[in-house]
Amino acid sequence: MEVLSPVVGEFGRIAVEFLRKGSNPKVYEGAARKLEVSSTTIQQAVEGLTYLLTESSKLMISEVDFQDSVLVLGFQEEINKVLLQLYLDNRKEICQILTELEPSLSHYHNMEWRLDVQLASRSLRHQIKPTITMKLHLKQNEQLSTQVLQTDPATLLHLIQELEQALAEMKTNHCRRIVRNIK
């Protein structure tokens with residue numbers, strides 16, 4: 001099936017609208033009737049175009065990189081130009097929409113801890129059982145919440161090792177490159 005540039009432009013408008021307001025099956029059905037194809041085909045085309053625009057906007061790729069990315073899709077030169085213009089016109093708005101959709105996660109605010117040691121019980125007289133209790137204060141959207149965690153020293157040491165390993169991994173060039181592209 002031959003795709004015309006006005007159709008691609010309209011699909012682009014639908015894709016940006018999809019990002020703003022979500023999926024609208026009536027729009028897909030209307031476009032499907034006009035083009036005489038199934039609404040599933042229209043929906044898949046819009047979702048593919050949405051994916052192309054969001055990933056390109058996330059990575060803030062340049063015009064040349066976008067053209068290279070679209071070139072491998074095998075479209076005509078005219079359609080590639082329409083896609084490029086669509087990307088350039090909507091990239092800032094798409095980035096803004098994506099940041100609004102980003103989940104707001106809790107982050108560390110403060111921590112209190114206590115070490116409890118059970119030296120004996122009724123059945124075992126010479127038992128040493130250490131327990132570490134931590135009270136984490138987390139902040140999310142200026143609201144404080146509290147989580148209480150209790151663990152033994154061996155598990156805490158393992159957790160510390162895993163976190164230190166993750167921090168060391170974040171310092172590698174590969175991770176730095178990925179984090180740079182995420183931001």
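Keep in mind that this is a model prediction, so the values were computed, not measured. The basis for the numbers below is simple: all heavy atoms, side chains too, and nothing from hydrogens, waters or symmetry mates.
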*asked:* Could you report the tightest heavy-atom contact between R13 and L86, atom names first, then the distance?
replied: N-CD1, 4.4 Å
*Can you list the steps and then say if N90 with L53 is a side chain to side chain contact (heavy atoms under 4.5 Å, CB included)?*
CA-CA 8 Å; N90 295 298; L53 293 173; 5.7 Å; no
*Taking 4.0 angstrom as the limit, do K58 and E55 come out as a salt bridge?*
yes
*asked:* I'd like to know if the side chain of N141 and the backbone of Q143 have a donor-acceptor N/O pair within less than 3.5 Å.
replied: no
*Sub-3.5 Å donor-acceptor pair from the side chain of T99 to the main-chain atoms of Q96, do we have one?*
yes
*Measure the shortest side-chain to side-chain distance between L138 and H107 over non-hydrogen atoms and say whether it is less than 4.5 angstrom.*
no
*Would you say I128 has more than 12 foreign heavy atoms packed within less than 6.0 Å of its CD1?*
no
*First locate atom CG of L119, then atom NZ of K129, and finally report the distance between them rounded to the nearest 0.5 Å.*
12.5 Å
_Counting neighbours of CD on E162 that are heavy atoms of other residues, nucleotides or ligands and sit closer than 6.0 Å, is the number greater than 12?_
yes
*State, with a plain yes or no, whether a side-chain heavy atom of S121 is found less than 4.5 Å away from one of Q127.*
yes
*Please lay out, stage by stage, how L49 and L83 fare under the test side chain to side chain contact (heavy atoms under 4.5 Å, CB included).*
CA-CA 9 Å; L49 187 54; L83 289 172; 3.4 Å; yes
*Please round to the nearest 0.5 Å and tell me the distance separating atom CZ of F11 and atom OG1 of T50.*
11.0 Å
*asked:* Using the rule given for side chain to side chain contact (heavy atoms under 4.5 Å, CB included), can you reason through T133 versus D116, listing the C-alpha separation, both sets of side-chain angles and the distance that settles it, and then say yes or no?
replied: CA-CA 8 Å; T133 305; D116 295 323; 3.9 Å; yes
*asked:* If we ignore hydrogens and angles and just use 3.5 Å, is the side chain of Y87 paired with the main-chain N or O of I61 as donor and acceptor?
replied: yes
*Give a yes or no on whether V117 and L124 share a hydrophobic cluster (residues Ile, Leu, Val, Met, Phe, Trp, Tyr; joining criterion: side-chain heavy atoms under 4.5 Å apart).*
no
_T172 vs R176, side chain to side chain contact (heavy atoms under 4.5 Å, CB included): CA-CA, chis, key distance, verdict_ = CA-CA 6 Å; T172 64; R176 285 183 181 170; over 6 Å; no
*When rounded to the nearest 0.5 angstrom, what is the spacing between CG in L159 and CD in Q161?*
10.0 Å
Going by atom type alone, with no hydrogens or angles, which donor-acceptor pairs under 3.5 Å involve a side-chain atom of residues 28-40 and a protein atom two or more places apart or on another chain?
{"from": "S38", "atom 1": "OG", "to": "T41", "atom 2": "N", "distance (Å)": "3.2"}
{"from": "S38", "atom 1": "OG", "to": "T41", "atom 2": "OG1", "distance (Å)": "2.8"}

*What is the distance from atom OG1 of T146 to atom CG of L136, rounded to the nearest 0.5 Å?*
9.0 Å
*Q43 and E47: side-chain hydrogen bond (donor to acceptor under 3.5 Å, both in side chains), yes or no, with the steps?*
CA-CA 6 Å; Q43 183 177 358; E47 288 173 357; 3.1 Å; yes
*Sub-4.5 Å side-chain heavy-atom contact between R20 and I97*: yes
*Hey, any chance L98 and L59 share a hydrophobic cluster, counting ILVMFWY side chains that come within less than 4.5 Å of each other, even indirectly?*
yes
*Do Q147 and H137 get their side chains close enough for a donor-acceptor pair, meaning under 3.5 Å?*
no
*Please examine the side chains of I132 and P153, heavy atoms only from C-beta on, and report whether any two atoms are closer than 4.5 Å.*
yes
_Show, in sequence, the C-alpha distance, side-chain angles and deciding distance for H174 and E169, and conclude whether the side-chain hydrogen bond (donor to acceptor under 3.5 Å, both in side chains) test is met._
CA-CA 9 Å; H174 179 70; E169 181 72 24; over 6 Å; no
*First locate atom CG of L73, then atom CG of L52, and finally report the distance between them rounded to the nearest 0.5 Å.*
7.0 Å
*Atom pair CD/CD of E10 and E17 - distance to nearest 0.5 Å*: 10.0 Å
*asked:* Do L144 and L105 sit in one hydrophobic cluster, given that two such residues count as connected whenever their side-chain heavy atoms are within less than 4.5 Å of each other, even indirectly?
replied: no
_For a 4.5 angstrom cut-off between non-hydrogen side-chain atoms, does L84 reach V70?_
no
*When hydrophobic residues are tied together by side-chain contacts of less than 4.5 Å, even through go-betweens, does Y108 share a cluster with L149?*
yes
*Any chain of hydrophobic side-chain contacts (each under 4.5 Å) joining V148 to L115?*
no
_Given 3.5 Å as the limit, does a donor-acceptor pair link the side chain of S69 with the main chain of D65, or not?_
yes
_Side-chain heavy atoms of E63 within contact of L88, under 4.5 Å_ = yes
*Answer whether the closest heavy-atom distance between the side chains of I94 and L19 falls below 4.5 Å.*
yes
_Close side-chain approach of Q150 and M134, heavy atoms under 4.5 Å_ = no
*Quick one: do Q85 and D89 satisfy side-chain hydrogen bond (donor to acceptor under 3.5 Å, both in side chains)? Show the steps, please.*
CA-CA 6 Å; Q85 193 59 46; D89 292 344; 2.8 Å; yes
